[in-house]
Amino acid sequence: MKPKDYLMQIRHAKRRIKEIETEILEIREAMTSLSCWLGSGGSPSSNQEIKSPQEKLMNQLLEHEEMLADEQRHYFGLKRLIVGQIDAVDNDVYRNLLYARYVENKRLEQIAVDLGYSYDHVRRIHGRALCDFGNKYQI
């Protein structure tokens, strides 16, 4: 794995959390819609049929909430590990750049403004910082 891919794991884990949260909202909306539909006299008419779709949605909701908790634990553990590794980088500029890019998810253009460097210079520094990080952790 390249250093950039390693560091981007934080972003991917956070994106997965957002996806699961969206799925949970969709399941809850489906449960609300089903309750409204059934409450307004819609079919099905037997209690057994009514229970089945609601149970399925409730089981999906519980599974997704478990998945969300697992992903959140993974994300925070990964973030703690990577932030610790970035903090151990000796060069202050490299450390600040890697933190801004991979933890704060800033674009290189914004980092250039924040650091007071040209974009091209930040691109060069970014490449060196990735090499330094990769060498330090054999990534």
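Because only heavy atoms are used, hydrogens play no part in the values below, and waters and symmetry mates are left out as well, while side chains stay in.
- Evaluation of the side chain to side chain donor-acceptor pair (under 3.5 Å) rule for Glu21 yields no partner, not counting sequence neighbours.
- Listed by first and then second residue, the salt bridge (charged side-chain N to carboxylate O under 4.0 Å, His left out) pairs involving residues 88-100 are Asp92-Arg95 (not counting sequence neighbours).
- Remark: Glu29 pairs with no residue by the side-chain contact (heavy atoms from CB on, under 4.5 Å) rule, at least two apart or across chains.
- Arg107 pairs by the salt bridge (Lys or Arg N to Asp or Glu O under 4.0 Å) definition with Glu109, not counting sequence neighbours.
- With contacts defined as side-chain heavy-atom distances shorter than 4.5 Å, the pair Thr22/Glu19 does not qualify.
- Atom OH of Tyr75 and atom CD1 of Ile17 lie 6.5 Å apart (nearest 0.5 Å).
- Using a 4.5 Å heavy-atom threshold, the side chains of Tyr6 and Ile82 count as touching.
- Note on Val83: it clusters hydrophobically with Val93, by side-chain heavy-atom contacts below 4.5 Å among ILVMFWY residues.
- Every residue was checked against the salt bridge (Lys or Arg N to Asp or Glu O under 4.0 Å) condition with Glu66, not counting sequence neighbours, and none meets it.
- Note: Phe133 CZ to Asn91 CG = 13.5 Å, rounded to the nearest 0.5 Å.
- Applying the side-chain contact (heavy atoms from CB on, under 4.5 Å) test to Asn135 and every residue at least two apart in sequence or in another chain returns nothing.
- Between His12 and Met8 the shortest side-chain heavy-atom distance falls below 4.5 Å.
- Closest approach of Leu78 to Ala13, counting heavy atoms only: CD2-CB, 4.4 Å.
- Of the inter-residue distances, the one linking Leu68 atom CG with Gln72 atom CD reads 4.0 Å to the nearest 0.5 angstrom.
- Residues Leu98 and Tyr137 share a single hydrophobic cluster, defined by chaining ILVMFWY side chains whose heavy atoms lie under 4.5 Å apart.
- With rounding to the nearest 0.5 Å, the separation of CE in Met67 from CD in Gln60 is 10.0 Å.
- Within the structure, salt bridge (charged side-chain N to carboxylate O under 4.0 Å, His left out) pairs that include any residue of residues 73-89 comprise Asp70-Arg73 (at least two apart or interchain).
- Residues satisfying the side-chain contact (heavy atoms from CB on, under 4.5 Å) criterion with Asn105, sequence neighbours excluded, are Arg11, Arg101.
- The ring pair (Phe, Tyr, Trp, His ring centres under 6.0 Å) contacts involving residues 101-120 comprise Tyr102-His126, Tyr117-His121, where partners must be two or more places apart or lie in separate chains.
- Atom CZ of Arg16 is surrounded by more than 12 heavy atoms from other residues, nucleotides or ligands within 6.0 Å.
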Quiz prompt | Check against side-chain contact (heavy atoms from CB on, under 4.5 Å), Gln85 and Lys136 | solution = CA-CA 9 Å; Gln85 290 172 325; Lys136 185 173 184 79; over 6 Å; no
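- Taking NZ from Lys106 and CG from Leu97, the interatomic distance works out to 10.5 Å, rounded to the nearest 0.5 Å.
- Hydrophobic clustering places Tyr94 together with Leu81 (ILVMFWY residues linked when any side-chain heavy atoms are closer than 4.5 Å, directly or through intermediates).
- The side-chain heavy atoms of Gln54 and Met31, taken from C-beta on, include no pair separated by under 4.5 Å.
- Qualifying side chain to side chain donor-acceptor pair (under 3.5 Å) partners for Gln110, counting only residues two or more places apart in sequence or in other chains: Asp114.
- Annotation: side chain to side chain donor-acceptor pair (under 3.5 Å) contacts of Glu65 (sequence neighbours excluded): Arg28.
- The two residues Ile27 and Leu57 come nearest to each other via the heavy atoms CG2-O, 3.5 Å.
- Between His64 and Ile20 the shortest heavy-atom distance is O-CG2, 3.5 Å.
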Quiz item: Going through the distances and angles, do Asp5 and Ile139 end up as a side-chain contact (heavy atoms from CB on, under 4.5 Å)?
Solution: CA-CA 10 Å; Asp5 297 327; Ile139 297 172; over 6 Å; no
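- Asn96 meets the side-chain contact (heavy atoms from CB on, under 4.5 Å) test with no other residue; sequence neighbours excluded.
- Ile125 places none of its side-chain heavy atoms less than 4.5 Å from the side chain of Leu115.
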